[in-house]
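Contents: one structure, followed by commentary.
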Amino acid sequence: MSSPVTDPHALRLLRSMMGGDLPVISPRIGYNVTYPRVEEVAGVTADRAQDLLKDLTEQGYLNRNFSTMVYRCPFDNTTSLRPRLICPVCQSEEIERVPLIEHMTCGHVDQEKNFVKGELLQCPNCGKTLNQIGVDYRRPGHAYYCPTCGEYSPSPIEKWSCNAENHVFEMEEAVAEKLYTYTLNEAKRDEVSKVFGFIEPVREAYMRCGYEAETFQMVTGKSGVAHLVDVYAKKGDVKPVTSIARILTDKGIKPEEVLKHYAITLDVEVTKPILIASPQLDKASEAYMDQLKLKVIEGSNFKTIIEEFEAFVCEQ
Ligand SMILES: [Zn+2]
Ligand SMILES: [Zn+2]
Ligand SMILES: [Zn+2]
């Protein structure tokens, strides 16, 4: 696969992130984990949205930050789970957590509601009225009461269940997965901006002249070094015409950039190396370009640049 930023879906997503419409991409956890904003903005399916985020992160366009953990049913992968508390005596799931009272006078322990007699508390065992907490009765805490078998348990058996198919399993059997939020890697902002502003139209100009052209292409030179060029284009099979376009959009482009362009040009041996410098090279750089007889297209008018560029790459 070519660089993800040539994928129109990825471009749509990055454009929204750069424009501030979608500064952070967050997961939504329902029966499954989805990224609805990505689906909407990039125009992709839920599965493709996940792949897109993964690819863009691997390629450095997005940063990811830990968001939360999800646990999946080990049988069907759903993320919609609930705890299932079970009576350890009879296995019934119909148990409830109740407050307890201990009648210290006779030692009877029961749930609070069995002591309530109108306004008073009365022991269901010995029939005496309870007077003062800490003196003749106390509250020892809570227990789980099972109406099926009538037993109290300090703690129930804890299992988990999925809401999709009611599969029952231990929490440790659930499949844990880290979820992330995603933001634009600001270090890539310029590179991506170039795609929108210049690179894609440059690639299109090559294609109008009959080239096959790829953006952000790694081109290996005779030295064995791979150079990342903005656009690499090739036409014909027998004696192919090859071209690279490097695009610089900084103010006052310095000689180092020209020398780098020259070095790449020598190494990759292309027929038509082109440097697009917008708005222009500085004086020293211009002198280098003349000396080295390298093609440079300068200007601040984007339309004019593309016209001049197209005229140059189309001529045989
Ligand atoms: Zn029970
Ligand atoms: Zn009692
Ligand atoms: Zn399940």
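Atoms within each ligand, like the ligands themselves, are counted from 1 in listed order.
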Report task. Everything protein-side that's N, O or S and under 2.8 Å from the Zn ion (ligand 1): list it, residue and atom. Result ->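 You should have found Cys87 SG, Cys90 SG, Cys146 SG, Cys149 SG.
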Query raised in the report: Angle at the Zn ion (ligand 3) between SG of Cys73 and OD2 of Asp76, to 10°?
Result: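 Roughly 130°, rounded to 10°.
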Query raised in the report: Near the Zn ion (ligand 2), which protein N/O/S atoms fall under 2.8 Å?
Result: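 Under 2.8 Å from the Zn ion (ligand 2) - ignoring waters, which are not counted - the protein N, O or S atoms are His103 ND1, Cys106 SG, Cys123 SG, Cys126 SG.
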Is [X] salt-bridged to [Y], going by a charged N under 4.0 Å from an acidic O?
X: Glu158; Y: Arg84; result: no
X: Glu212; Y: Lys235; result: no
X: Glu286; Y: Lys283; result: no
X: Lys159; Y: Glu93; result: no
X: Lys54; Y: Glu58; result: yes

Query raised in the report: Judged by atom type as modelled, is there a donor-acceptor pair below 3.5 Å linking the side chain of Thr271 to the main-chain atoms of Val241?
Result: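 Answer holds: no.
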Query - Sidechain-backbone polar pair: Tyr206 side chain, Lys234 backbone, donor-acceptor under 3.5 Å - result: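 Side chain of Tyr206 to backbone of Lys234, a donor-acceptor pair under 3.5 Å: no, none is there.
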**Report entry** Flag for Ser223-Asp267: side-chain donor and acceptor within less than 3.5 Å
**Finding:**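 Distance-only check passes for Asp267 and Ser223.
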Query - Tyr262 ring center within less than 6.0 Å of Tyr288 ring center - result: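 When the ring centroids of Tyr288 and Tyr262 are compared, they turn out to be at least 6.0 Å apart.
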Query raised in the report: Nearest to the Zn ion (ligand 3), which N, O or S atom of His167 do we find?
Result: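 The His167 atom nearest to the Zn ion (ligand 3), restricting to N, O or S, is ND1.
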**Report entry** Over 12 foreign heavy atoms within 6.0 Å of NZ, Lys222
**Finding:**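 More than 12 heavy atoms, drawn from other residues, nucleotides or ligands, come within 6.0 Å of this atom.
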